[in-house]
Every structure is written in C-alpha cells, then in structure tokens.
Protein chains: 2
Amino acid sequence: MKGSNDKRIDGTLRDLKIRPTKVRKDVLGLFSRVEFALSHADIERHIKQKFDRVTIYRTLEMFEKSGLIHKVIDDTGVTKYASHGYGGCDVHFRHHKTNHLHFKCTECGNIYCMCSVEVPKIDFPIDFELKILKLSAEGICKKCLSKGNKTT
Amino acid sequence: MKGSNDKRIDGTLRDLKIRPTKVRKDVLGLFSRVEFALSHADIERHIKQKFDRVTIYRTLEMFEKSGLIHKVIDDTGVTKYASHGYGGCDVHFRHHKTNHLHFKCTECGNIYCMCSVEVPKIDFPIDFELKILKLSAEGICKKCLSKGNKTT
DNA sequence: TTGATCCTGCAACACAGTTGCAAAACTATT
DNA sequence: AATAGTTTTGCAACTGTGTTGCAGGATCAA
C-alpha cells in the first residue's frame, strides 16, 4: 500500500526530529523503494518533483548526520548514498553494521550493502597499525544473474 | 646518486617506447622518490617545473596505459595515482599484484600499496556472483608511528 | 630539408560540490 | 489570527576536477 509507506517515511523523519518537508519525504521515499546506492544525479532524476541541486545536497547531508544514509565512494570516484535499511542491509533504517562490504555489480553498475558478510582477520605488516579493514567487491548481482542467466 | 636515477627514469620510459620528455621525466621522477599515491594536485605542486594541467593529466593517462602507475580512489573520492614500484610495492616499475590492498594513514593521509597482504577467501551469499574482492585499510603508517610514537 | 607524427599549451566546457544571502514556509506564542 | 522567531529553500556565484578540440612546436625518419 502506498499510503502506509508514506506514513512510515513521515514517522521515520519525525522520530529523528527532522521536519517532514517535501524534498525530504520524496528523497527518503526514493531510498525506501530502492535496494542500492544512489548518486546525487540519480536522485535528481528519479524523484517526482524538481528541487534545487543545493537543496538535495543539504537533504543528503542532513540524512547522513541523522544516520539514515551513508556515503559510498564508487570505484570510479562517484559519490553515492546508501540507505541504512529497507533493502541494502535487510534491516530498518538506522540499523546496520558500520563496517560492511559494498558490492558493485559489473552489469548494472549498482552498489549494494552486504551486512551479512563477515570482515575477516588478516595478516598485516607489524610496522603498520591496522585499524579498520574495509571490503568491497565486484561481481554480478542477484537481479542481473536471474535476468541474463550469466554463468561466466 | 641523482644522475643515475635520472638515467634509470629515462631508460624506463624508453623501454616502454615513451618519449622521455620533460614532463614525463619530471613526473616519473617524482613517483620514484615517493612511496605513496599522489593526486594530480600533489604532482602539480611537487614537480620542479610548471606544466599545463592538461599536460599532466595526459601524462598520467599515458603512464596508466603503459602500466607504470594505477589509479587509486581515496575513501573521500579523491583520485590518486600510485606507481607500480620503487616504494609502494617493494618491486620495480611494472611488477605488482593487480589486486592489492590500499592502506590509508589517518595521520598523514597518504595511501600506500601493500602487495604483501594476501586477499582472503570469504563466505559470500550464493545469489551474488563474486568476482573480485578488494581490500582497503585505515590505520597509522610506519613513518607516522615512528614520528609520533602513537600506541592508541 | 621536408613531411609526418607526436607532444604541449591554451581556451573552453561539463560536472560535482560548496557558500552566502534573501525570500518563503513553518512553529510557537499570545 | 497576527506576530515574531526559526528553518528551509532557491538562486547566484564560485571552486576544483577532469575532458575535448585545436593550433603551434618539437621530434623523428627519410
């Protein structure tokens, strides 16, 4: 049901003391409908209404500060934003593992957050102090596999 | 000895059928003196002579195609270029593991290639086809550790 | 020396991202 | 409902990164 999702978006924002304005509902609504990370340009293209570029940037900044989304830098340097749930991480907004793997599909180019993958321990040179190990991966996503039936 | 290094730079370029022009020798010379990845702006700042921005971009493009350097995208989205040896990978130009870990020092911001670290096998959801697993890390580099004597 | 090829610098452009400011929208209070 | 105060938005302008086309210069091979 469309109405109930709108309500949920509204509630999510209110809970975080974010005024549920049009842009914010539109952008968060888009994130809720999509399982992968979105660039600023993607968002501009896919939301219903036209908003100023700056307004969208500020919306994303605000969502990031509130922990609704996080930045993902593509292997080509493109900045994308991934929502913390509804799809990517199979959990609700604001629940996700902080350090998780980002998977980029080489067919569709989409980036998925994969919180289920464990970050392994690795051997590391002793003269460097390792703090965080970050994983990213390339391959073919679920959707493209079922569509194209690629087996390589 | 400075002269002998200049000769080596010259030879490296000639071997690859790259005309050893001023920019090219300057830029490759810089890479040979440095152990970490450099951004376009870094290079512009640190080479002796002033060259046009575009010329430097084209030089980097050429070096990349010839396999002398490779692009590294910083976690903040900044594009850097790492030479395939002389420092970063402990091997000579053009010899390096294609898929290696990039280490970013949180103190100095420099990025190091660490070819000695093995890429582990991981458990991955069966409905996604994993092709390449990429590792990147954050921590404190050798130099900053010895300088600051940080122990966390 | 001549032509062909390669390299460089310049102008111009596209795109991402940021900042300051003023108008508009909203909130709370009376 | 009118007011004052705070937030939010849109606009203009600007910075930084990266790209393209073109013309002049340097280099190479004959």
Side-chain angles (χ1 to χ4, degrees), chain A residues 6 9-30 37-66 68-82 109 111, chain B residues 9-31 37-66 68-82 109 111:
Chain A
D6 285 2
I9 299 291
D10 215 275
T12 305
L13 290 172
R14 270 179 218 284
D15 289 351
L16 290 163
K17 314 261 177 250
I18 299 171
R19 255 190 229 169
T21 62
K22 270 199 177 175
V23 220
R24 293 169 182 174
K25 287 193 280 184
D26 251 30
V27 174
L28 194 56
L30 174 58
L38 299 161
S39 70
H40 178 274
D42 291 336
I43 295 166
E44 232 177 357
R45 262 193 300 277
H46 291 298
I47 53 178
K48 303 139 200 169
Q49 209 184 313
K50 210 223 161 326
F51 294 98
D52 192 79
R53 292 164 15 79
V54 182
T55 304
I56 296 174
Y57 275 117
R58 288 197 263 236
T59 302
L60 292 169
E61 199 186 347
M62 153 134 292
F63 284 1
E64 204 189 352
K65 274 187 194 150
S66 311
L68 283 169
I69 59 173
H70 65 277
K71 267 190 195 166
V72 192
I73 311 289
D74 195 61
D75 59 325
T76 58
V78 176
T79 303
K80 298 197 170 185
Y81 301 85
I111 293 183
Chain B
I9 299 290
D10 215 274
T12 305
L13 290 172
R14 270 179 219 285
D15 289 351
L16 290 163
K17 314 262 177 250
I18 299 171
R19 258 191 228 167
T21 62
K22 271 198 176 174
V23 220
R24 292 169 183 175
K25 286 194 280 184
D26 252 30
V27 174
L28 194 55
L30 175 58
F31 275 116
L38 299 162
S39 69
H40 177 274
D42 292 336
I43 295 167
E44 234 178 355
R45 262 192 299 276
H46 292 298
I47 52 178
K48 303 139 198 168
Q49 208 183 314
K50 209 225 159 325
F51 295 98
D52 193 79
R53 294 164 13 79
V54 181
T55 304
I56 296 174
Y57 274 117
R58 287 197 263 237
T59 302
L60 292 169
E61 199 185 348
M62 153 132 293
F63 284 1
E64 205 190 352
K65 273 186 194 151
S66 310
L68 283 169
I69 59 173
H70 66 277
K71 266 190 194 164
V72 191
I73 310 290
D74 194 63
D75 60 324
T76 59
V78 176
T79 303
K80 298 197 169 186
Y81 301 84
I111 293 183

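All values below were derived from every heavy atom in this structure, side-chain atoms included, with hydrogens, water molecules and symmetry-related copies excluded. It should be emphasised that the depicted structure is a prediction, and the values quoted were computed from it without experimental measurement. Proteins get letters first, then strands, A, B, ... in listed order; numbering begins at 1 in each.
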Applying salt bridge (Lys or Arg N to Asp or Glu O under 4.0 Å), can you list everything that pairs with [X], at least two apart in sequence or on another chain?
X	value
A:Asp52	none
A:Lys71	none
B:Glu44	none
A:Glu61	A:Lys65

Could you report the tightest heavy-atom contact between A:Gly77 and B:Ile73, atom names first, then the distance?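 Taking every non-hydrogen atom into account, CA-CG2, 3.6 Å.
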Distance under 4.0 Å to a non-hydrogen atom of chain B counts as contact; along DNA chain C, which nucleotides mark the start and end?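 From 5' to 3', the first and last contacting nucleotides are C:dC6 to C:dA11.
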Nucleotide D:dT15, atom P - distance to CZ of A:Arg53 in whole Å: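 The answer, rounded to whole Å, is 16 Å.
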B:Tyr57 has an atom OH; how far is it from atom P of D:dG21, in whole Å?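 Whole-Å distance recorded here is 18 Å.
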Got a sec, which residues hit side chain to side chain contact (heavy atoms under 4.5 Å, CB included) with B:Thr76, two or more places apart in sequence or on another chain?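 Scan of B:Thr76 (side chain to side chain contact (heavy atoms under 4.5 Å, CB included), adjacent residues dropped) gives B:Asp74, B:Val78, B:Lys104.
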Name all residues meeting the side chain to side chain contact (heavy atoms under 4.5 Å, CB included) criterion together with B:Ile43; count only those two or more places apart in sequence or in a different chain, and write none if there are none.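 Counting only residues at least two positions away or on another chain, B:Ile43 forms a side chain to side chain contact (heavy atoms under 4.5 Å, CB included) with B:Val27, B:Leu30, B:Phe31, B:Leu38, B:Ile47, B:Ile56, B:Leu60.
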List, with names and distances, any nitrogen or oxygen atoms from the protein found under 3.5 Å away from nitrogen or oxygen atoms belonging to nucleotides 8-10 of chain D.
from	atom 1	to	atom 2	distance (Å)
D:dT8	OP1	A:Arg24	NH1	2.9
D:dT8	O5'	A:Arg24	NH2	3.4
D:dT9	OP1	A:Thr21	OG1	2.7
D:dG10	OP2	A:Asp52	N	3.3
D:dG10	OP2	A:Thr55	OG1	2.7
D:dG10	N7	A:Arg58	NH2	3.3
D:dG10	O6	A:Arg58	NH2	2.6

Not counting sequence neighbours, list each pair that qualifies as a ring-ring contact (aromatic ring centres under 6.0 Å, His included) and has a residue in residues 37-63 of chain A.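 For residues 37-63 of chain A, and leaving out neighbouring residues, the ring-ring contact (aromatic ring centres under 6.0 Å, His included) pairs sorted by first residue read A:His40-A:Tyr57.
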Let's test your reading of the pairing rules: Watson-Crick or G-U wobble, both distances under 3.5 Å, then write DNA chain D as a dot-bracket string with ( ), [ ], | and dots. ||||||||||||||||||||||||||||||
I need the full list of salt bridge (charged side-chain N to carboxylate O under 4.0 Å, His left out) pairs touching residues 10-22 of chain B, with sequence neighbours left out, sorted by first then second residue.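 Sorted pair list: B:Asp10-B:Arg14, B:Asp10-B:Lys25.
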Residues in side-chain hydrogen bond (donor to acceptor under 3.5 Å, both in side chains) with A:Asp42, at least two apart?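 A:Asp42 satisfies side-chain hydrogen bond (donor to acceptor under 3.5 Å, both in side chains) with A:Ser39, A:Arg45 only.
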